[in-house]
Amino acid sequence: MKDKVTSLLRHHIEGDIVLEKPKERSFGHFATPAAFGLAKILRKSPIVIAQDLAAQLSHVEAFSSVEAVSGYINIRLSDAFLEEYASWAITHEAQFAKGIKEGKILLEFVSANPTGPLHIGHARGAIYGDTLLRLGRHLGYEMTAEYYINDAGNQMDLLGTSIMLEAKSTLLGQEVVYPESFYRGEYMTDLAKEAMAEFGAEVFVEANQMMLAQWGKERVMKLIIDTLASANIHFDTFVSEASLYGDWERVLAKLQANDAIAMVEEKLWLKSTLKGDEKDRVVVRENGKPTYLAGDLIYHNQKFERNYDQYINIWGADHHGYIARVKAAVDFMGFDSSKLEVLLSQMVSLLKEGEPYKMSKRKGNVILMSDILEEIGADALRFIFASKKSDTSLEFDIETLKKEDASNPAFYINYAHARIQTLLGKSTYSIEQIMQASLEGVGEEGMHLLFDAMQLPEVVDGAFESREIQKLPEFLKRLAGAFHKFYGAHKIIGAPQEAQYLKLFLAVAVSLRVGLSLMGVTAKNRM
RNA sequence: GCGCCCGUGGCUCAACUGGAUAGAGUAUCGGACUUCGGAUCCGACGGUUAUAGGUUCGAAUCCUAUCGGGCGCACCA
């Protein structure tokens, strides 16, 4: 809708056109401060320019009024224009708020280590990524959701060792000596039991450490995938770090050819300071083993060779120091590093009964994503996490997450949708009859509600392009609130305008449904 | 010490990316249809946007400094 209005304005106004939503409803549907910008160029007062433009624009058919108010130009759309737009949305729900954006985007997110189940901190990045994915796809981008599995290095050894130690101490009652760090927790006991059932007690010997690690990784990945699935999150592709190293020689040769590598003290360093990093980074140790960074270099080389238009990585904020070196490497490999966008999902800090709650994977006192999903459900969790700007650290109390009441916006929005379904069920009008009704009788407040509902396309576009997904839940809350208010003020069933009101509500319901689905939440018809 | 992110009513967060009188929820207090779902609605209270400068028609938003918080500063992944 905004696009349509912008293109109508383009015939009359030069330059970039900024359309805003006026603060006060009485000002109209859209406003533009265009006159302020033109004032400098034309050397005239913005107030005079605004008046001239308003006079021209008042002839546009889709506008019912255009007014100049202290330099702003306020535009009101005609009822006919709004009604036509809404009717189309109702009858073309699958198309509503869709875009025609072009481009292939590789979105990598979650990528949690396969050494333990997802905890509540992972959930934020997972929900952020999946919501972006849904928004981007709706807008027309060709998007691939990818999970990078860090299944190499010490942590894999540690996983094998941990399973073995857990089995020995808990299942076999043996005295064991624990290393400095190891994984523990309920899932570890489960893994040990499963391994025991599958392979027998004799499997728990040093020589089988690697085999147990591999087996454990598969089990943990299955856990992770299942947890994600129960939050409606699915990946298209998985890339294993361990599987990449065969390509290391080739990538290294490429980097060396581009003079990106130096040999100092028997180690190979990436000369990332040349690209703005704080210091150079070791990629191959003295003992010949590549570092974790080497894996990431191969991975990003592989990503870029797969030739997407854009690459988005969602990382936990604790990895922000990593961005410079990866971008440097991408540059060195001859790719355009500006195509790589790293979004940070800030830390989630937890409180428990008002006290800070520190999670530690090693100690096993983590709050599992799967537990929270079971307690409050995917909808509530998705809603809460999607409502916060991802680059702000988020603090909340575990106990409040468990509540199911009005503080839960998912309920509030679903309630609006369910109310509409109830009304449609109670009405004697059929959908066909309702669609034939005109919206003329719904009044000014009704037309405002309709306009609100029809803004989903702009919201979806804005939320994705700015990577600020909280705009969508914000919008849905506002729309649901506007609906509840209208509902409270008007009797619907039996009113002379019953069919008109219901047509209006159909438009609201479409917007709520499509909006919710983009958040990975299914709208409820009954509560 | 250096780097990144952040600082908005008591609390949790918005603010169309530089626009009009900074908005919601929650908490607190007070109200509403003996009728469509009261999981709702209406009202009140609550702000020098951390502080101080600067940029301009205009700043929560941009710049500088200071204060405060989080996270990094591995040859661990």
Side-chain angles (χ1 to χ4, degrees), chain A residues 2 18-24 27 31-33 36-37 39-40 45-46 69-72 74 111-115 150-156 158 181 241 265-269 277-279 281-287 289-296 316-324 344 346-347 349 384 387-397 400 404-409 411-412 414-416 418-419 421-423 425-427 455 458-459 462-463 465-466 468 470-471 473-475 477-478 480-481 483-495 498 501 526-527:
Chain A
K2 202 170 182 173
V18 178
L19 271 188
E20 297 165 3
K21 191 179 171 186
K23 279 279 188 292
E24 295 263 345
F27 292 165
T32 176
F36 292 102
K40 271 185 194 161
S45 145
V69 180
S70 58
Y72 284 87
N74 295 329
S111 298
N113 291 342
T115 53
N150 295 129
D151 54 355
N154 287 344
Q155 57 180 1
M156 282 295 104
L158 220 52
S181 65
E241 181 190 354
E265 297 168 356
E266 305 290 305
K267 298 164 223 171
L268 294 183
W269 301 71
D277 196 7
E278 289 173 355
K279 45 178 147 176
R281 311 289 173 174
V282 173
V283 288
V284 179
R285 304 176 181 94
E286 220 169 332
N287 62 12
K289 273 191 174 178
T291 62
Y292 172 77
L293 181 59
D296 244 350
D318 53 345
H319 288 78
H320 65 77
Y322 219 75
I323 299 173
L344 298 176
Q346 281 291 340
M347 302 290 99
S349 45
I384 293 164
S387 301
K388 316 295 175 189
K389 210 166 24 177
S390 74
D391 62 358
T392 313
S393 63
L394 163 64
E395 196 176 78
F396 57 86
D397 200 303
T400 65
E404 288 205 347
D405 59 20
S407 65
N408 182 344
F411 274 88
Y412 185 75
N414 267 315
Y415 185 40
R419 267 185 158 167
Q421 301 311 314
T422 304
L423 290 173
K426 288 202 166 151
S427 174
Q455 279 180 301
E458 286 79 62
V459 172
E465 299 300 349
S466 66
E468 294 184 353
Q470 81 280 1
K471 289 171 195 278
E474 279 292 322
F475 166 78
K477 273 190 271 185
R478 271 205 317 277
F483 166 76
H484 283 307
K485 185 182 172 120
F486 189 88
Y487 176 92
H490 298 84
K491 173 133 173 90
I492 309 300
I493 302 297
E498 180 177 328
Y501 284 150
R526 277 174 39 185
M527 303 301 286

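Every chain is numbered from 1, with letters handed out A, B, ... down the list of sequences.
Annotation: B:A44 and B:C16 have their P atoms spaced 25 Å apart (nearest Å). Using P as the reference atom, B:G47 and B:G69 are 25 Å apart when rounded to the nearest Å. Look at the C1' atom in both B:A22 and B:G9: the space between them is 11 Å, to the nearest Å. Straight-line distance between the P atoms of B:C2 and B:C29: roughly 49 Å, to the nearest whole Å. On the C1' atoms, B:C45 is 15 Å away from B:C11, given to the nearest whole Å. Of the C1' atoms belonging to B:U51 and B:C67, the separation is 7 Å, rounded to the nearest Å. The same atom, P, is picked in B:U8 and in B:U40; the two are 27 Å apart, to the nearest Å. On the C1' atoms, B:A60 is 15 Å away from B:U21, given to the nearest whole Å.
For the pair A:Tyr412 OH and B:A39 P, the interatomic distance rounds to 13 Å; values are reported in whole Å. Between the C1' atom of B:A15 and the CD atom of A:Glu458 lies a distance of 17 Å, rounded to the nearest Å. In this structure, CZ of A:Arg526 is placed 15 Å from C1' of B:A39, rounded to the nearest angstrom. Atom CG in A:Asp277 sits about 12 Å away from atom P in B:A74, given to the nearest Å. Spacing between atom CZ of A:Arg281 and atom P of B:A77 amounts to 15 Å, rounded to whole angstrom units.
For A:His320 against B:C71, a side-chain-to-base donor-acceptor contact under 3.5 Å is present. With hydrogens and angles ignored, no donor-acceptor pair closer than 3.5 Å exists between the side chain of A:His319 and the base of B:G72.
Base orientation of B:U17: syn, since the glycosidic angle falls within 90° of 0.
Among the protein residues, A:Lys279 comes within range of the sugar-phosphate backbone only, with heavy atoms under 4.0 Å from sugar or phosphate atoms but none that close to a base. At a threshold of 4.0 angstrom between heavy atoms, the contacts of A:Ala152 are confined to the sugar-phosphate backbone, with no base atom among them. Looking at heavy-atom distances under 4.0 Å, A:Glu241 makes contact with sugar-phosphate atoms alone, never a base. Residue A:Ser427 is classed as having no contact, given no heavy-atom separation below 4.0 Å to the nucleic acid.
Nearest nucleotide to the side chain of A:Glu474, out of B:U17, B:C13, B:G37: B:C13. When distances run from any side-chain atom of A:Lys426 to the nucleotides B:G37, B:U17, B:A77, the shortest one goes to B:G37. Residue A:Thr422 has its side chain nearest to B:G37 when only B:U17, B:G37, B:A77 are considered. The nucleotide whose nearest atom lies closest to any side-chain atom of A:Lys491 is, among B:C36, B:C41, B:C71, B:C36. Comparing B:A15, B:A77, B:A39 by their closest approach to the side chain of A:Lys471 singles out B:A15. Among B:A77, B:A15, B:C41, the nucleotide with an atom closest to any side-chain atom of A:Gln470 is B:A15. Proximity note for A:Arg419 (side chain, C-beta onward) versus B:G37, B:C36, B:A39: the nearest is B:G37. When each of B:A20, B:A77, B:A15 is scored by its nearest atom to the side-chain atoms of A:Asn74, the top-ranked nucleotide is B:A20.
Contacts of A:Glu265 classified as salt bridge (Lys or Arg N to Asp or Glu O under 4.0 Å), with partners at least two apart in sequence or in another chain: A:Lys267. Qualifying salt bridge (Lys or Arg N to Asp or Glu O under 4.0 Å) partners for A:Asp296, counting only residues two or more places apart in sequence or in other chains: none. Every residue was checked against the salt bridge (Lys or Arg N to Asp or Glu O under 4.0 Å) condition with A:Glu278, not counting sequence neighbours, and none meets it. Scored by the side chain to side chain contact (heavy atoms under 4.5 Å, CB included) test, A:Ala495 finds A:Gln497, A:Tyr501 as partners (sequence neighbours excluded).
With hydrogens and angles ignored, the 3.5 Å screen pairs no side-chain donor or acceptor of A:Arg281 with any backbone N or O of A:Trp269. Between the side chain of A:His484 and the main chain of A:Tyr412, a donor-acceptor pair closer than 3.5 Å is present.
From A:Lys471, atom NZ reaches atom CZ of A:Arg478 across 10.0 Å, with rounding to the nearest 0.5 Å.
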Intermediate values then yes/no, side-chain contact (heavy atoms from CB on, under 4.5 Å), A:Leu293 and A:Val282: CA-CA 8 Å; A:Leu293 181 59; A:Val282 173; over 6 Å; no
Chi angles and distances behind the side-chain hydrogen bond (donor to acceptor under 3.5 Å, both in side chains) call for A:Asn113, A:Gln155: CA-CA 9 Å; A:Asn113 291 342; A:Gln155 57 180 1; 3.0 Å; yes
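Nearest-nucleotide mapping onto RNA chain B: of A:Ala480 and A:Asp318, the residue sitting toward the 5' end is A:Ala480. Mapping A:Arg478 and A:Asn150 onto RNA chain B via the closest heavy atom, the residue that lands nearer the 5' end is A:Arg478.
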Would you tabulate the nitrogen or oxygen pairs shorter than 3.5 Å linking the protein to nucleotides 42-46 of chain B?
residue, atom, partner, partner atom, Å
B:C42, OP1, A:Lys485, NZ, 3.2

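Taking a pair as Watson-Crick or G-U with both hydrogen-bonding distances under 3.5 Å, the stems of three or more pairs touching RNA chain B are B:1-7 with B:67-73, B:10-13 with B:23-26, B:28-32 with B:40-44, B:50-54 with B:62-66.
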